Amino acid sequence: MKDIRATSTAKILTVVGARPNFMKAAPILAAIRNRNGRLAPVRHPNDPQNSRIFLENVLIHTGQHYDEAMSDRFFADLDIPKPDVHLGVGSGSHASQTAEIMKRFEEVLLRERPDLLIVVGDVNSTLACALVAAKISYDDKGSRPLIAHVEAGLRSFDRAMPEEINRIITDHLADLLFVTEQSGLENLRAEGISDAKIYFVGNTMIDSLLTFKSKAEESVILDTLGLREYVSGDGQAGHTARYALLTLHRPSNVDQQATFLPILEGLQELSSSCPVIFPAHPRTQKKIGEFGFERFFTDRNGCGVEEQPRSTSGRGGIRLIDPLGYLDFLCLMSNAALVITDSGGIQEETTCLGVPCVTVRENTERPITVKVGTNILAGTTKEGIRQAAWQQLESQTAGAVPEAWDGKSAHRILDTICREIEKQKPLL
Ligand code: UD1
């Protein structure tokens with residue numbers, strides 16, 4: 001391989017905080033390691049040929065998500081190194097969580113003084129850290145890090161969603177905006193953000209999916225949940241049962257009894273024809289207990305996944321289980337006949353996998369998944385969900401994979417970042 005020389009070092013600080021951040025940041029962290037691995041030490045600092053920047057990366061975990069199942073498991077599954085700094089913030093109201101992250105992150109930023117900050121997605125950690133970096137001053141000239149936002153430009157046009165507020169503000173603070181789909185470009189332009197800051201790079205979450213898809217197929221989750229049937233004793237590969245996969249965690253769907261109830265009622269007919277596997281977010285589990293909704297589920301949570309019966313593929317019901325790690329969930333998603341969700345990321349993952357998806361929301365900030373992918377919006381009424389589930393269960397359309405969702409997005413991001421850092425920090 002050609003010898004590439006490092007002639008300068010730049011410090012990057014990458015922030016993660018909540019579950020959907022981990023799969024978006026993992027490919028960028030891997031690409032940094034990969035790039036540094038190809039750099040040789042400086043031998044002729046004045047030789048501009050092949051000059052490259054060595055990227056020193058500092059990984060910060062805000063601690064917005066802290067349960068093993070919501071955080072540590074993802075670090076293991078996605079080969080993410082242990083964070084260099086853990087802010088240990090935990091749960092709280094939006095204001096107190098955001099404020100606590102800001103206070104603790106400011107100290108880290110002043111200590112580390114990175115050249116560039118990477119924030120991903122739309123969670124409170126994303127906004128809090130971008131806001132701190134935009135106002136920080138390393139010196140009396142007002143020097144601050146460049147701010148890169150990965151997954152910029154998505155808009156649901158629903159300001160009742162906390163994520164929409166986080167997306168809009170983070171985009172207006174960022175210096176480099178990395179966009180996943182065409183609508184993102186259009187939204188940012190319509191908001192007056194200069195084209196010079198915007199880069200259409202594809203989707204790093206899809207980088208993770210393509211990297212880990214074959215490893216996920218080795219997961220034993222289908223056997224654990226009794227969703228694989230074997231012809232007795234012949235040792236042949238099992239036949240996968242037809243099942244649906246469900247996730248619900250949006251406060252607007254699960255926090256009020258009056259909204260959560262019709263959603264569960266809308267799924268009852270489907271669950272009488274095939275099992276519906278429901279790995280439930282801690283917020284959702286709490287609400288199920290509070291509202292006394294246990295009657296909707298065939299397996300009460302708390303009876304861990306391992307203790308499920310060996311084969312229940314023949315019977316239906318909504319089966320409530322604890323949240324799963326990345327690989328187990330990817331395996332369940334890839335093999336599902338249908339996915340029903342209110343998550344943003346799962347709409348994109350199912351589109352890439354060609355698995356039909358029903359989104360239990362009135363809107364989506366990811367319209368490409370409806371336009372070319374496998375997603376439909378069902379709304380949140382009982383009848384809307386019932387009809388959408390049947391329509392999608394019978395759907396034969398595999399959809400198409402959106403432009404640049406090709407597993408190379410993190411590399412495009414790093415190339416841009418290095419070019420921009422070189423402009424700010426001329427090489428030796
Ligand atoms: C956050 C993101 C949301 C994302 C979701 C994925 C924001 C505004 N929301 O929502 O965009 O889709 O993560 O999960 O940033 N909890 C635990 N253990 C944990 C984390 C949370 O038990 O490890 C419980 C706590 O009761 C907490 C509640 O879940 O109060 C909500 O957590 P929070 O981080 O505030 O928001 P999410 O609903 O997870």
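Keep in mind it's a predicted model, so treat the numbers as computed, not measured. We count ligands from 1, going down the list as the structure has it; atoms in each ligand are counted the same way.
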Enquirer: Measure the acute angle between the ring planes of Phe22 and Phe74, then classify it against the limits of 30° and 60° as parallel, tilted or perpendicular.
Expert: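 Ring orientation of Phe22 relative to Phe74: tilted.
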
Enquirer: Go through ligand 1 atom by atom and flag the ones less than 4.0 Å from a non-hydrogen atom of His249.
Expert: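 Atoms satisfying the 4.0 Å criterion: 4 (C), 5 (C), 6 (C), 12 (O).
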
Enquirer: Just need the protein heavy atom nearest to atom 18 (N) of ligand 1, so name the residue and atom and give the distance.
Expert: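 Nearest protein contact, heavy atoms only, for atom 18 (N) of ligand 1 is Asp67 OD2, 2.9 Å.
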
Enquirer: Between the main-chain N or O of Phe157 and the side-chain N or O of Arg155, is there a donor-acceptor pair closer than 3.5 Å?
Expert: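 Such a contact is absent between Arg155 side chain and Phe157 backbone.
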
Enquirer: For atom 11 (O) of ligand 1, what is the closest protein heavy atom, and at what distance to 0.1 Å?
Expert: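 The protein heavy atom lying closest is Glu163 OE2, 2.5 Å.
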
Enquirer: Using 30° and 60° as the class boundaries, would you call the ring planes of Phe278 and Phe297 parallel, tilted or perpendicular?
Expert: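 Tilted: the ring planes of Phe278 and Phe297 meet at 30° to 60°.
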
Enquirer: Any N or O on Tyr66 sitting closer than 3.5 Å to an N or O of ligand 1?
Expert: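 Yes; at least one N/O pair falls below 3.5 Å.
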
Enquirer: So if I apply the side chain to side chain contact (heavy atoms under 4.5 Å, CB included) rule between Thr180 and each of Lys24, Arg366, Glu151, which one comes out positive?
Expert: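 The side chain to side chain contact (heavy atoms under 4.5 Å, CB included) with Thr180 is passed solely by Glu151 among Lys24, Arg366, Glu151.
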
Enquirer: Please indicate whether Glu106 has more than 12 foreign heavy atoms, meaning atoms of other residues, nucleotides or ligands, lying under 6.0 Å from its CD.
Expert: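 Result for CD/Glu106: open.
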
Enquirer: Closer than 4.0 Å to some heavy atom of Lys286 - which atoms of ligand 1 meet that?
Expert: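 This gives 25 (C), 26 (O) as the contact atoms.
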
Enquirer: Atoms of ligand 1 less than 4.0 Å from Met70 heavy atoms?
Expert: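 Near Met70, meaning under 4.0 Å from one of its heavy atoms, ligand 1 has 14 (O), 19 (C), 23 (O).
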
Enquirer: For His94, counting its heavy atoms only, list the atoms of ligand 1 lying under 4.0 Å from any of them.
Expert: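 Those atoms are 8 (C).
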
Enquirer: Which of these, Arg19, His65, Gln97, has its nearest heavy atom closest to atom 13 (O) of ligand 1?
Expert: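 It is His65 whose heavy atom sits nearest to atom 13 (O) of ligand 1.
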
Enquirer: How far is atom 36 (O) of ligand 1 from its nearest protein heavy atom, and which residue and atom name does that atom have?
Expert: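 Going atom by atom, the protein heavy atom closest to atom 36 (O) of ligand 1 ends up being Arg283 NH2, 4.0 Å.
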
Enquirer: Should the proximity of Ser343 to ligand 1, defined as any heavy atom under 4.0 Å, be assigned to the side chain, the backbone, both, or neither?
Expert: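 Ser343 to ligand 1: no contact under 4.0 Å from either part.
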
Enquirer: State the atoms of ligand 1, each with its element, that fall below the 4.0 Å cut-off from a heavy-atom position in Ser91.
Expert: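 Every atom of ligand 1 under 4.0 Å from some heavy atom of Ser91: 21 (C), 25 (C), 27 (C), 30 (O).
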
